[in-house]
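Structure first, commentary second.
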Protein chains: 2
Amino acid sequence: MNKENKKSDSLIALFETKKSLTITLLRARESLMMSFRPLLAKHSFTEQQWRVLRVLGEKGPCDAGKLATEACILSPSLSRIINTLIENNFIIKKEDKLDKRKIILEISDEGKSKLESIKPEYMAILKSIQKRYGEDKINKILKLLTEIIDWRSR
Amino acid sequence: MNKENKKSDSLIALFETKKSLTITLLRARESLMMSFRPLLAKHSFTEQQWRVLRVLGEKGPCDAGKLATEACILSPSLSRIINTLIENNFIIKKEDKLDKRKIILEISDEGKSKLESIKPEYMAILKSIQKRYGEDKINKILKLLTEIIDWRSR
DNA sequence: TTAATAAAATTAACATATGAATAAGGAAAA
DNA sequence: TTTTCCTTATTCATATGTTAATTTTATTAA
């Protein structure tokens, strides 16, 4: 590319994959997940099952719709993940008596203890990441990304 | 949670999904992809097919290994995606005469014109996002995330 | 040179992502 | 009240994510 294009370079550059925000988000997430995958594999959890269990452990009983949003999983996927987690006795499915369309999901005692047993190892990895990049930098990223997430709900 | 826990709050809070960097990255990406999905659907491309085509259009002929890294796709997935793109005449597969284990992938003329035809619409969406959040903020995010990505290859 | 080893791509098997369609219950308008 | 429309969850079909195993070709060690 020669000098005549200088004016429009900043626009043309936007199409480059190296400067693509969506691709960069994907790569950054992958870099981080690399540290957690061995732990999840050791306990036979997929990323998604782990997210569902954490959300239920944190928020308490919850309908499938909210759970899907919180865990960042689409409902068709969640339906199957729920079945797996129920088979493994980590969560319980109840009916909503006020609205029979809904189902109420809740973490079981077995799910709770599983969560607690993994938590220390998980936190250790988290702290090593925090140490690696610096707490300030991570908080800065979290703040900036939250702005993106919250934009549509203004 | 009461005041006695104040000291350890910053550590305990780390386990909250709201402060999870990996989940936040996922949600932020989803917020952005929402703007692009209609365009990709209109042209019958999946996100991954689109990434592969863009990378090949940008880097020129490339072996499957490099392509997988650049497009952020695992090689088993890439194998299938490549077959689809070849069937649709968007890319071409050649052999590497120096190393017969490798394959060389290249965008076709049809692929190039498809890319060019979508590019204006894509750029328009990109600019609206840039306007929405501000160029500075986006560049700041890109820089911070790139640090995370580049950490392992120090 | 031969045997062992490593690398590149593919295949296999199972889980999730995505969009469309379906089923069933609830809410609103006629 | 009944028809219509909306919401919630599920199912279906196709594509991709993930790990392990396999195939083919290079490379290295013996």
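To find a chain, count down the sequence lines: A is the first, B the second, and so on, and within it residues start at 1.
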message: Of the options D:dG17, D:dA9, D:dA26, whose atoms approach the side-chain atoms of A:I103 most closely?
response: D:dA9

query: Any idea how A:Y122 and A:W50 line up, ring-wise: parallel (<30°), tilted (30 to 60°), or perpendicular (>60°)?
result: tilted

field: B:T24 side-chain N/O to A:L142 backbone N/O, donor-acceptor pair under 3.5 Å
entry: no

message: Distance check needed: D:dA9 C1' versus A:I81 CD1, whole Å only.
response: 14 Å

- prompt: Phosphate oxygens OP1/OP2 of D:dT27: is one of them under 4.0 Å from a side-chain N or O of B:K100?
  reply: no

field: Side-chain N,O (B:T46) to OP1/OP2 (D:dT16) below 4.0 Å
entry: yes

- request: Begin from the C-alpha positions of A:D63 and A:K66 and carry the test side-chain contact (heavy atoms from CB on, under 4.5 Å) through to its verdict.
  value: CA-CA 6 Å; A:D63 64 88; A:K66 273 182 199 160; 3.8 Å; yes

field: Which residue lies more 5' along DNA chain C, comparing A:D99 with A:R51 via nearest heavy atoms
entry: A:R51

task: Between A:K93 and A:A41, name the one whose nearest nucleotide on DNA chain D is closer to the 5' end.
output: A:K93

Check: A:R54 side chain, B:F15 main-chain N or O, donor-acceptor pair, under 3.5 Å: yes

query: When you measure from the side chain of A:R29 to the backbone N and O of B:L25, does any donor-acceptor pair fall under 3.5 Å?
result: no

Matching residue for B:D99 among B:K97, B:K102, B:R101 - test: side-chain hydrogen bond (donor to acceptor under 3.5 Å, both in side chains): B:R101

field: B:F36 ring center within less than 6.0 Å of B:F45 ring center
entry: no

- prompt: Just by modelled atom types, is the A:V55 backbone N or O under 3.5 Å from a matching donor or acceptor in the A:E58 side chain?
  reply: no

- prompt: Expressed in angstrom and rounded to an integer, what is the separation of B:E95 atom CD from D:dT25 atom P?
  reply: 11 Å

I'd like a table of atom pairs between the protein and nucleotides 4-7 of chain D - only N or O on both sides, under 3.5 Å - with the distance next to each one.
| residue | atom | partner | partner atom | Å |
| --- | --- | --- | --- | --- |
| D:dT7 | O2 | A:R101 | NH1 | 3.0 |

- request: Considering only heavy atoms of chain A and a distance under 4.0 Å, specify the first and last nucleotide of DNA chain C in 5' to 3' order that meet this criterion.
  value: C:dA15 to C:dG26

message: A:M34 vs A:E30, test: side-chain contact (heavy atoms from CB on, under 4.5 Å). Steps then yes/no.
response: CA-CA 6 Å; A:M34 281 178 62; A:E30 182 52 33; 3.9 Å; yes

message: Without decimals, in angstroms, what is the distance between B:L40 CG and D:dT16 C1'?
response: 15 Å

- prompt: Are A:Q48 and D:dT18 close enough that a side-chain N or O sits under 4.0 Å from OP1 or OP2?
  reply: no

field: A:E70-B:T17 side chain donor-acceptor pair, cut-off 3.5 Å
entry: no

- prompt: Counting distance only, does the side-chain N/O of B:R27 pair as donor-acceptor with the main-chain N or O of A:I149 below 3.5 Å?
  reply: no

query: Which part of the nucleic acid does A:R80 contact within heavy-atom distance under 4.0 Å: base, sugar-phosphate only, or nothing?
result: base

task: Let me know the distance between CG of B:L26 and C1' of D:dT16, rounded to the nearest Å.
output: 15 Å

- line: Residues in residues 63-79 of chain B with a heavy atom under 4.0 Å of DNA chain D, by number, are B:I73, B:L74, B:P76, B:S77

